[in-house]
Structure formats: C-alpha cells, structure tokens
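In what follows, a single structure is set out as structure tokens and then discussed.
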Amino acid sequence: MRNLIGVVLGSRSDLAALRPAVRVLDEFQVPYEVTVASAHRSPERAAAYARTARERGLKVIVAAAGAAAHLAGVLASHTTLPVVGLPLSGSPLGGVDALYATVQMPPGVPVATVGVDAAANAAFLALRILGSTDPGLAARLEANRQNLAAKVEEQARELAEGGWRR
Ligand code: RP5
C-alpha cells in the first residue's frame, strides 16, 4: 500500500519527540513514511522530497524540526500538498524559536502549525485532512472523538461523587 503521510524530521535527534505521532498513526493504521531532510543542512534533499511527494502518492506532509525550524516552510514552498508543522523544543530558547519559525509563513505558503512538541496533534491533524475524503477514517476519528468526550464524562462523574476531595 502506498504511503499517504510523509513525516520529515530536521534531524535524527528529533526522533524521540516524534514518538507520540507515530503511535497515533500506527493506531489508525494509515500508511506513512519517516525520513530526515534538513532545510539548512540538506536543502536540495528537502526540496526534492516535497517536489516528488504528490507523484509518490503522499497526501499530507508532517514536518518536525527544532531551533531555526524552517523545514515545514521550505517543504510547503515546493508543493501544494498540505504541510503540518511540528515545532520542537530542545533548543536553548525552548521551542519558541521553532514555533515562530514554523508558524509565521507568508500568504500563499501556509503551514498548519500545531503546538510545541504536540506530536500527537500533528498526527491527528494529518489524519483529519485525510479523513475529509476517507469516510472509513473519518468514522474512526469520530469514534476517537466520542471516546475523549466519554472520558471527560467519567471524570466529571467521579468528581461529582466526591472524588475531588480525594
Ligand atoms: C534542527 O536543529 C533539528 O530539527 C533539530 O531539532 C535541531 C538540532 O539538530 P542536531 O544538531 O541534533 O542534528 O534543525
């Protein structure tokens, strides 16, 4: 089966931060690939990845990078596929640098940026994009959404029964 989501890391050192995203993608059983391409250290590789992404069957790109995190923006500048940006902490500036570098894109070249280190949400956003045209996946996402609501109901019930004292 062809990969639908392309996950690109700025460095192999970003792999640990990506784990929550991988868990979500595995849970929803959507085929994906993971690779490394740096906007600054290997700009040609980053550009080639984005330029060939559509013809290789990818529907969404998730780009994770820290520090001067221009990876998502560079990928978005070479494709019209949706790009989800995942800014990572770990630099001396704690991820604010990566967030600003990822989110502040010029008009016409959007990057859908999730929170700093919000790897699970990067995966969920990619899945929601795919789910807009995949009814089966949309149904699984809806079940997940309802499960989240059911957990809140359970917590509210527990607190109402005096759990907040414990
Ligand atoms: C960024 O610089 C990478 O995405 C990573 O978060 C950070 C440090 O990279 P390494 O020096 O560990 O390769 O480009």
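Remember, it's 1-based here, ligands and their atoms both numbered in the order they're listed. If you read the sequence from its start, that first residue is 1, and numbering goes on from there. Just the heavy atoms: all of them, side chains too, but no hydrogens, waters or symmetry mates, feed the values below.
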Checklist outcome for this item: Rounding to 0.5 Å, atoms CZ (Arg56) and CZ (Arg51) come to a distance of 13.5 Å
Item to check | Nearest-neighbour protein heavy atom for atom 1 (C) of ligand 1, which is reported as residue plus atom name and distance | outcome: Gly66 O, 3.4 Å
Next on the checklist: I'd like to know whether ligand 1 has Leu88 as a neighbour, heavy-atom separation below 4.0 Å.
Outcome noted: no
Checklist entry - Under 3.5 Å, N or O to N or O, is Ser38 touching ligand 1 that way? => result no
Checklist entry - Is ligand 1 under 4.0 Å from a heavy atom in the side chain of Ala65, in the backbone, in both, or in neither? => result both
Next on the checklist: Under 4.0 Å from a heavy atom of Ser13: which atoms of ligand 1 are those, numbered in the order shown and with their elements?
Outcome noted: 9 (O), 10 (P), 12 (O), 13 (O)
Next on the checklist: Under a 4.0 Å threshold between the charged nitrogen and the carboxylate oxygen, would Arg145 count as salt-bridged to Glu142?
Outcome noted: yes
Checklist entry - Can you find a pair of side-chain heavy atoms, one from Leu125 and one from Val114, that are under 4.5 Å apart? => result yes
Checklist entry - If you round to the nearest 0.5 Å, how far is CG of Leu88 from CG of Asp14? => result 5.0 Å
Checklist entry - For atom 11 (O) of ligand 1, which protein heavy atom lies nearest, and how many Å away is it? => result Arg41 NH2, 3.0 Å
Next on the checklist: Any side-chain to backbone donor/acceptor pair from Thr113 onto Val111? Under 3.5 Å, distance only.
Outcome noted: yes
Checklist outcome for this item: Nearest non-hydrogen protein atom to atom 4 (O) of ligand 1, with distance, is Asp14 OD2, 2.6 Å
Checklist outcome for this item: To the nearest 0.5 Å, atom CG of Asn121 lies from atom CZ of Arg128 at 8.5 Å
